[in-house]
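Just so you know, these numbers come straight off a predicted model, no measurement behind them.
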Amino acid sequence: MTPGAGRLSLALLLTPFLLWIVLLVLLPHAEMLRVSFQVRESWDTLDWGLTQYRNFFEEAYYWRTFLRTGLMSLFTTALTLLVAFPIAWYIARLARGRSRGVLFLACLVPFWASELVRTYGWMILLRESGVFSALLQGVGLADGPVEMLYNDAAVIIGLVYNGLLFMVVPLVTTLDGLDENLVEAGYDLGGGHLTVLREVVVPWAMPGIVSGSIVVFMLTLGSYLTPILMGGKDSAWFTQQIFTQFITRFNWEQGAALGVLLLVLSSLMVWLGLKLTGQSLRKVMG
Amino acid sequence: MADANAATETADLVCDRLVRRFGDTRAVDEISLSVPAGSFFSILGPSGCGKTTLLRLLAGFDRPDDGDILIRGERMNEVAPNRRPVNMVFQHLALFPTMSVADNIAYGLKRQKVAAPERRRRIAEVLEQVGLPGMEDRNPQQLSGGQRQRVALARCLVLRPTLLLLDEPLGALDLKLREQMKVELKHLQKAFGTTFVYITHDQSEAMVMSDQVAVMRQGRFDQVASPETLYRHPETPFVAGFVGDNNCLAGTVVAQDDGQVTLDLADGSRVRGMAASPDLQPGQPAQLFVRPESLSLVATTAAGEAALPAQVVTTLFDGANSRVELTAAGQVLFARLPQDGSAPSLDAGQTLALQWQPSLARVFAGAPA
């Protein structure tokens, strides 16, 4: 192949990827960044300024929701990790042959339905006239219907459920590669269950833990349906405010500023997470 | 009973009729053993003989179905692996890849609640002893196979265990390094004075290093003895065939006289050896084992009555271990070539005679398996 032909085929192969990156990632973000610094003087005059960002910091409702979303996403991620770890351990280390495939499939099945359907599933269980409420009344633990929806706990349950698969998969992959002898050596040299978990298993699984956590954190931070449907009027999620600005208020400038802030927050948290755990993005995603 | 107690007190490890079943098969079948303090004990057997299962019972990763394990007189059956005074060097070493050399060694010391300054001192000391001074901050992956081996040993020896279990740790090394590590392991064992229980399928490893070797087959010990006794006085045909090179000739017992047995081979030639089975009756099938170095090659004309005619197939040059392949009475034999050049010239197809002292050959009842 001549160098010219080689370069041409490289360019052709890269074209879809470059189109995707430029048109769907770089361009919209650049545009959003530009819009976020524009201040609408009147209906036909625009000026550069920081008004939108000032609004965010001056209006308590904005930054409180922002902070709450960040903290609840962190909490959800941690909880997802706690729930996913035993599941992944069982699938990777204890299950054999067929049951392994079946268990993996069981984690995957809910994702054949859309997020909307999954969320409605939880609503059927948790609502006042729902399954759990009826069960509690039937057993005699409750006198009347119990409303379990429209609070933060319900939102977190829904979010953990949505993120579970994305935590289980990388954990199973890393735990799968853990040599049984390493675990046995951990016990043999005098370690108890907790020591072996802390000193041997978790350090080994760290790349999986970090990559799972990054994905779940980003998904949670950017989720929209679950907090809206399952949360109460006090459980506002930051994505809702971005939606409101863009669609309801038609205030693209403010919406863009909030969007940029959310992007900065998630990038910052991922960077911080990598720094704290001593992992590099290449190792975690490679 | 008093004798048994005395033996238990001086032995670091005693197993009493240990049984481990997997379904219908007995991987470990009524094994009893006693390992004296400070000795190097090897368990030698082909793969699948149950030696790894036995080692896992000793380490505590598996529980015996029957029988007792005693370490320094204390019953260990129900004791968890992390509470046994036993450490193990794994086949693939199992060094923690997320820790440095020092952290690997420190892991066990931390579990023993050794304070940090003392810990550092002991890590430096043990690394010195295994010949890796100053390697504390290396990552195990940066080390060579032989160095990793030493770290795995150091990680166990620093804890001063009563018993060190080794699961074929030399298997992954290349031949040259393996020969070197064999000698070194023996020196280290003497230097530390720790009791070693070593399992291997390589008879040369077991012979070179051990004070005592147990030859294991199908969950049982065929013979427990010093390497030299195993080599010179094997008690079963399996031991005779498994330990060291050996030739096996199948035939029929003709006569037995004062421990010396005469066998009739298929072609009518007669060979003699010492009876190794108690009840050898004339007319019974039997097998005679004679080592390649016990055979001397003589020209047929000079052969006496005890000579076995044989045809040369080929010579196999291997330095000091050069051999000649022969057929006699339809069976294949190997003879060691003398190093002083006294052997007659050997051409393929040439006929000559094999002679040996009957006291160096051993005869077992039964046909070869």
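Of all heavy-atom pairs spanning Met88(B) and Asp188(A), the tightest one is N-OD2, 2.6 Å. Closest approach of Leu189(A) to Cys156(B), counting heavy atoms only: CD2-SG, 4.4 Å.
Comparing Asn87(B), Val89(B), Asn82(B), Leu159(B) by heavy-atom pairs within less than 4.5 Å of chain A, the highest count is held by Asn82(B).
Atom CZ of Phe104(A) is surrounded by more than 12 heavy atoms from other residues, nucleotides or ligands within 6.0 Å. Within a 6.0 Å sphere centred on CZ of Arg83(B), heavy atoms belonging to other residues, nucleotides or ligands number 12 at most. Residue-environment remark: CG (Asp174(B)) exceeds the threshold of 12 foreign heavy atoms within 6.0 Å. For Phe66(A), the CZ atom sits in a packed shell: over 12 heavy atoms of surrounding residues, nucleotides or ligands are nearer than 6.0 Å. For Arg64(A), the CZ atom is loosely surrounded, since the number of other residues' heavy atoms within 6.0 Å does not exceed 12.
Looking at Leu95(B), the atoms closer than 4.5 Å to chain A (heavy atoms on both sides) all sit in the backbone: N, CA, C or O. Residue contact with chain B, scored on non-hydrogen atoms closer than 4.5 Å, involves the backbone and the side chain of Val196(A) alike. Both the backbone and the side chain of Arg155(B) come within less than 4.5 Å of a heavy atom in chain A. If you measure heavy-atom distances from Phe96(B) to chain A, the contacts under 4.5 Å come from both the backbone and the side chain.
When the heavy atoms of residues 169-182 of chain A are compared with those of chain B, the residues falling under 4.5 Å are Asn181(A), Leu182(A), listed by number. Interface residues of residues 103-126 of chain B toward chain A, defined by a heavy-atom distance below 4.5 Å and sorted by number: Tyr107(B), Gly108(B), Arg111(B).
The side-chain heavy atoms of Glu184(A) and Arg56(B), taken from C-beta on, include a pair separated by under 4.5 Å.
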